[in-house]
Amino acid sequence: MKTLLGMLVLLGFLVIARPALADDTEALYKSKCQVCHGADGKGSPAGQKLGVKDLHSPEVAKQTDADLIKVTKEGKGKMPKYDGKLTDDQIKELVKFIRGMK
Ligand code: HEC
């Protein structure tokens with residue numbers, strides 16, 4: 001009985017702790033990036049004033065994932081740096097999310 005209870009607790013923990021990455025990434029984008037990059041990645045009015053490019057533009061598309069990860073980590077121009085604020089995994093997922101945005 002005790003083992004069963006222990007297993008249930010462990011199972012519950014695993015379910016709660018399991019990172020729902022896709023949802024998390026979207027929520028992360030919304031909370032951290034959307035202010036400047038806009039819901040569709042084209043850039044919010046505020047972001048466009050700072051010089052964001054459409055994340056679907058050929059200029060961005062031709063950059064490698066590594067390039068985009070680097071910009072997100074280290075910042076560029078008015079783009080804030082997220083090194084230390086987001087984990088490498090989160091940044092990688094965000095870049096994937098940006099690529100998949102329509
Ligand atoms: C304060 C506004 C602001 C926020 C918030 C912001 N960005 Fe940016 N971002 C910029 C600007 C401005 C640029 C263009 C930098 C340049 O080329 O000078 C940029 C560029 C980029 C680029 C490179 C694409 C390009 O233009 O070449 C990526 C990738 C990117 N941002 C990802 C993100 C992610 C991911 C987040 C959220 C974690 C985020 N940004 C949050 C302003 C912002």
Side-chain angles (χ1 to χ4, degrees):
M1 195 59 204
K2 250 195 172 152
T3 346
L4 187 69
L5 201 71
M7 268 168 67
L8 278 178
V9 169
L10 189 73
L11 209 81
F13 178 75
L14 282 179
V15 168
I16 292 163
R18 186 181 59 95
L21 260 183
D23 293 353
D24 278 6
T25 305
E26 195 178 345
L28 211 59
Y29 180 86
K30 283 200 177 123
S31 68
K32 306 239 184 231
C33 321
Q34 189 166 309
V35 246
C36 292
H37 288 284
D40 52 5
K42 293 206 170 91
S44 63
Q48 281 170 358
K49 260 189 225 146
L50 297 174
V52 298
K53 296 173 205 118
D54 184 344
L55 291 174
H56 313 298
S57 66
E59 232 180 322
V60 176
K62 74 173 188 228
Q63 299 184 62
T64 64
D65 284 5
D67 289 335
L68 299 185
I69 288 169
K70 188 161 181 269
V71 172
T72 309
K73 267 183 109 154
E74 297 173 11
K76 182 177 165 199
K78 297 267 167 33
M79 161 81 193
K81 67 176 195 155
Y82 286 93
D83 194 20
K85 289 185 216 149
L86 297 172
T87 65
D88 286 2
D89 274 354
Q90 284 176 317
I91 292 174
K92 227 180 352 187
E93 289 300 320
L94 278 167
V95 167
K96 247 196 261 167
F97 178 77
I98 285 170
R99 295 267 194 223
M101 254 174 4
K102 289 277 140 56

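Keep in mind that the numbers below use all heavy atoms, side chains included, and drop hydrogens, waters and symmetry copies. Counting starts at 1 for both ligands and their atoms, in listed order.
Using modelled atom types, no side-chain atom of S44 and backbone atom of G38 make a donor-acceptor pair closer than 3.5 Å. A donor-acceptor distance shorter than 3.5 angstrom exists from the side chain of Q48 to the backbone of K42, with no hydrogens or angles considered.
Of all heavy-atom pairs spanning C33 and L94, the tightest one is SG-CD2, 4.3 Å.
Checked against side-chain hydrogen bond (donor to acceptor under 3.5 Å, both in side chains), D67 has the following partners two or more places apart in sequence or in another chain: T64. Under the side-chain hydrogen bond (donor to acceptor under 3.5 Å, both in side chains) criterion, K81 pairs with no residue at all, not counting sequence neighbours.
Applying the side chain to side chain donor-acceptor pair (under 3.5 Å) test to every pair with at least one member in residues 27-36, sequence neighbours left out, gives these pairs: E26-K30.
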N or O contacts of ligand 1 with protein under 3.5 Å, please list pair by pair.
| unit_1 | atom_1 | unit_2 | atom_2 | d |
| --- | --- | --- | --- | --- |
| ligand 1 | 7 (N) | H37 | NE2 | 2.8 |
| ligand 1 | 9 (N) | H37 | NE2 | 2.8 |
| ligand 1 | 17 (O) | K53 | NZ | 3.3 |
| ligand 1 | 17 (O) | K76 | NZ | 3.4 |
| ligand 1 | 27 (O) | K53 | NZ | 3.4 |
| ligand 1 | 27 (O) | Q63 | NE2 | 2.9 |
| ligand 1 | 31 (N) | H37 | NE2 | 2.8 |
| ligand 1 | 40 (N) | H37 | NE2 | 2.8 |

